[in-house]
Amino acid sequence: MKGVMRFGKKGKLSPRFIGPYEILEKVGNVAYRLALPPELSGVHNVFHVSMLRKYVSDSSHILSQEPVELDPKLTYEERPIQILDRK
């Protein structure tokens with residue numbers, strides 16, 4: 001593990017588990033397919049049950065959604081909320 005960069009941190013400080021991610025389907029007796037985000041596209045999305053942890057619900061994990069305002073023509077306009085970086 002020495003010198004291995006995993007999930008943004010090197011060595012012993014790298015996280016053992018990341019997530020939570022939604023289970024899409026049960027593939028075999030002990031394998032599950034997960035819905036992974038695009039930044040983890042290089043990781044295979046089927047995991048053995050021993051690599052998964054039970055999800056403990058927490059109210060801070062709930063994401064709030066803002067309603068989408070639609071035009072009568074069924075179009076919408078995307079506007080930036082904040083500029084994060086500039087060249």
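Heavy-atom basis, side chains included; hydrogens, waters and symmetry copies ignored.
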Legend entry - side chain to side chain contact (heavy atoms under 4.5 Å, CB included) assessment of Phe47 paired with Leu36: CA-CA 11 Å; Phe47 294 90; Leu36 297 178; 4.2 Å; yes
Inset, instruction - Please test Val46 against Tyr32 for side chain to side chain contact (heavy atoms under 4.5 Å, CB included), starting from the C-alpha separation and ending with a verdict. - result: CA-CA 5 Å; Val46 176; Tyr32 291 91; over 6 Å; no
Inset, instruction - Test Leu34 against Ile23 for side chain to side chain contact (heavy atoms under 4.5 Å, CB included), laying out the working first. - result: CA-CA 5 Å; Leu34 302 181; Ile23 294 176; 3.5 Å; yes
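Put simply, CD on Glu22 and CZ on Arg33 are 13.0 Å apart, with the number rounded to the nearest 0.5 Å.
Put simply, Tyr21 and Val30 are part of the same group of oily side chains (I, L, V, M, F, W, Y) that touch within less than 4.5 Å, one to the next.
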